[in-house]
Amino acid sequence: MKSIATLCLTLLAFAIGSHAQDYNQSASFYLNLLSSDPYLNGTGLVPCHTGAAIENLCSAAILNQTQALYGPFQFNTSTEAATANTPNSTAGQMGVLTYLLRGSNFNESEALRMDFGYTSNMANPFFMPGNEELMVAFDSNDQLNLPVYTDTGYAPLYRWYLCNNSYYYKYRSIAWVIGSGAPDDASCCPVGIYRTWV
Ligand SMILES: *[C@@H]1O[C@H](CO)[C@@H](O)[C@H](O)[C@H]1NC(C)=O
Ligand SMILES: *[C@@H]1O[C@H](CO)[C@@H](O)[C@H](O)[C@H]1NC(C)=O
Ligand SMILES: *[C@@H]1O[C@H](CO)[C@@H](O)[C@H](O)[C@H]1NC(C)=O
Ligand SMILES: *[C@@H]1O[C@H](CO)[C@@H](O)[C@H](O)[C@H]1NC(C)=O
Ligand SMILES: *[C@@H]1O[C@H](CO)[C@@H](O)[C@H](O)[C@H]1NC(C)=O
Ligand SMILES: *[C@@H]1O[C@H](CO)[C@@H](O)[C@H](O)[C@H]1NC(C)=O
Ligand SMILES: *[C@@H]1O[C@H](CO)[C@@H](O)[C@H](O)[C@H]1NC(C)=O
């Protein structure tokens with residue numbers, strides 16, 4: 001246990017301050033679910049601890065967390081990225097979803113990234129220190145999407161699901177489905193994710 005903790009602290013120390021790019025950071029916001037399930041609709045998402053300095057996005061409805069714990073999250077944008085990746089008018093400006101991990105003697109802004117494998121169409125979004133990051137956007141209805149390049153510019157994709165069979169522990173967490181098919185994990189139901197300003 002101790003060696004794992006030491007390794008993680010080393011990785012964290014390496015990650016802090018190593019961001020090469022400069023960003024403008026938005027005000028803080030909460031992330032909420034759009035769902036056909038009235039129990040879930042409008043409820044919040046919370047960063048849930050699933051490893052050393054690693055957080056997934058989990059349903060706060062299940063965890064019974066209060067609004068104060070629903071993140072908050074921020075959106076980091078740069079004019080450089082905006083010029084290089086012009087969205088179509090509906091996708092919204094591209095940027096990085098961030099969460100401020102607060103330790104006892106450090107703060108670390110973590111970017112959302114995505115983990116996926118070759119044997120399933122389920123991808124797992126998570127926050128972790130480091131330079132790897134996923135470009136996302138908020139459309140004109142404040143809905144979180146992944147922009148995909150098309151002939152007419154970047155268009156928004158919305159393939160978020162809430163799954164019962166989460167990777168770690170007992171949480172119901174957010175997943176992304178790769179491609180336009182049904183999720184391989186039958187415990188997942190489609191959801192939308194939208195932001196509300198703190
Ligand atoms: C979910 O909530 C949204 C926003 O409050 C509302 O517009 C929508 O009708 C609700 N959907 C269902 C299925 O209740
Ligand atoms: C969450 O709260 C509801 C209602 O207060 C309760 O029935 C349920 O058991 C709680 N769930 C957890 C995981 O604590
Ligand atoms: C931040 O926003 C200001 C004002 O819009 C802009 O001049 C500046 O280039 C932006 N910085 C980055 C890193 O994109
Ligand atoms: C972390 O950030 C919070 C505010 O977001 C601040 O109150 C706190 O002092 C910071 N901690 C450190 C170690 O910088
Ligand atoms: C987001 O932008 C803020 C302000 O520039 C910066 O302090 C923070 O490190 C950035 N977060 C990430 C994950 O790049
Ligand atoms: C942007 O992309 C969406 C989704 O593909 C599409 O419905 C919409 O018409 C596009 N808008 C423009 C201006 O091309
Ligand atoms: C997921 O779990 C919830 C809460 O226990 C349950 O109501 C729902 O039916 C489950 N969904 C699936 C697809 O198994």
Side-chain angles (χ1 to χ4, degrees), residues 8-9 12-30 33-49 52-53 55-87 92-111 120-122 124 127 129 131 133 135-138 147 159-177 181-193 197-198:
C8 292
L9 282 178
L12 203 54
F14 175 75
I16 290 171
S18 67
H19 296 292
Q21 207 175 351
D22 284 334
Y23 295 103
N24 280 325
Q25 189 163 54
S26 76
S28 289
F29 50 83
Y30 302 117
L33 289 177
L34 280 175
S35 169
S36 59
D37 180 348
Y39 172 69
L40 293 173
N41 197 30
T43 63
L45 290 174
V46 65
C48 49
H49 182 79
E55 288 80 32
N56 284 56
L57 274 173
C58 292
S59 167
I62 306 301
L63 297 171
N64 280 353
Q65 303 247 18
T66 58
Q67 185 81 2
L69 297 171
Y70 286 10
F73 307 91
Q74 305 82 28
F75 189 51
N76 273 13
T77 54
S78 72
T79 41
E80 198 183 321
T83 313
N85 307 303
T86 310
Q93 187 185 0
M94 281 192 223
V96 179
L97 184 64
T98 70
Y99 163 66
L100 189 68
L101 177 70
R102 291 171 62 169
S104 51
N105 57 357
F106 68 91
N107 283 340
E108 169 71 356
S109 176
E110 302 182 312
S120 153
N121 69 354
M122 308 305 302
N124 178 37
F127 296 95
N131 287 325
E133 54 202 25
M135 294 307 268
V136 301
F138 288 93
R159 290 175 179 162
W160 305 111
Y161 286 78
L162 188 67
C163 302
N164 285 2
N165 301 333
S166 299
Y167 279 17
Y168 309 94
Y169 306 123
K170 60 181 191 295
Y171 305 119
R172 256 174 121 177
S173 64
I174 292 292
W176 174 266
V177 167
D184 284 347
D185 179 349
S187 83
C188 304
C189 49
V191 292
I193 299 174
W197 300 103
V198 170

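Counting convention: from 1, in listed order, for ligands and their atoms alike. Along the sequence shown, residues carry numbers from 1.
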Distance from [atom] to nearest protein heavy atom, with residue and atom:
atom                    : answer
atom 11 (N) of ligand 7 : Asn164 ND2, 3.0 Å
atom 7 (O) of ligand 4  : Arg102 NH2, 3.9 Å
atom 14 (O) of ligand 4 : Asn107 ND2, 3.4 Å

Is the shortest distance from [atom] to a protein heavy atom below 4.0 Å?
atom                   : value
atom 2 (O) of ligand 7 : yes
atom 9 (O) of ligand 7 : no
atom 5 (O) of ligand 3 : no

query = With only distance considered, is Ser78 within less than 3.5 Å of ligand 3 through an N or O on each side?
reply = no

What distance do [X] atom [atom1] and [Y] atom [atom2] have between them, rounded to the nearest 0.5 Å?
X      : Y      : atom1 : atom2 : result
Leu33  : Leu57  : CG    : CG    : 9.5 Å
Gln74  : Tyr99  : CD    : OH    : 10.0 Å
Leu34  : Leu40  : CG    : CG    : 11.0 Å
Tyr161 : Asp185 : OH    : CG    : 11.0 Å
Ser78  : Asn24  : OG    : CG    : 8.5 Å

message = So which atom in Ala175 and which in Cys163 form the shortest heavy-atom distance, rounded to 0.1 Å?
response =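 It is CB-SG, 3.6 Å.
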
task = Return the minimal non-hydrogen interatomic distance between Ala61 and Thr43, and the atom names on each side.
result = CB-OG1, 3.8 Å

task = List every atom of ligand 3 that sits less than 4.0 Å from any heavy atom of Asn24, numbering the atoms from 1 in the order shown and giving each element.
result = 1 (C), 2 (O), 3 (C), 8 (C), 10 (C), 11 (N), 12 (C), 14 (O)

query = Which atoms of ligand 3 sit under 4.0 Å from any heavy atom of Asp22?
reply = 13 (C)

task = Say whether Ala186 and ligand 7 are in contact under the criterion: heavy-atom distance to a ligand atom below 4.0 Å.
result = yes

task = Anything under 30° is parallel, anything over 60° is perpendicular, the rest tilted; go ahead and classify Phe73 against Phe127.
result = parallel

task = Within a distance under 4.0 Å of any heavy atom of Phe106, pick out the atoms of ligand 4 and give their elements.
result =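 The atoms of ligand 4 under 4.0 Å from a heavy atom of Phe106 are 13 (C).
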
inquiry  = Would Ser187 count as being in polar contact with ligand 7, using the rule that some N or O on each side must be under 3.5 angstrom apart?
reply    = no

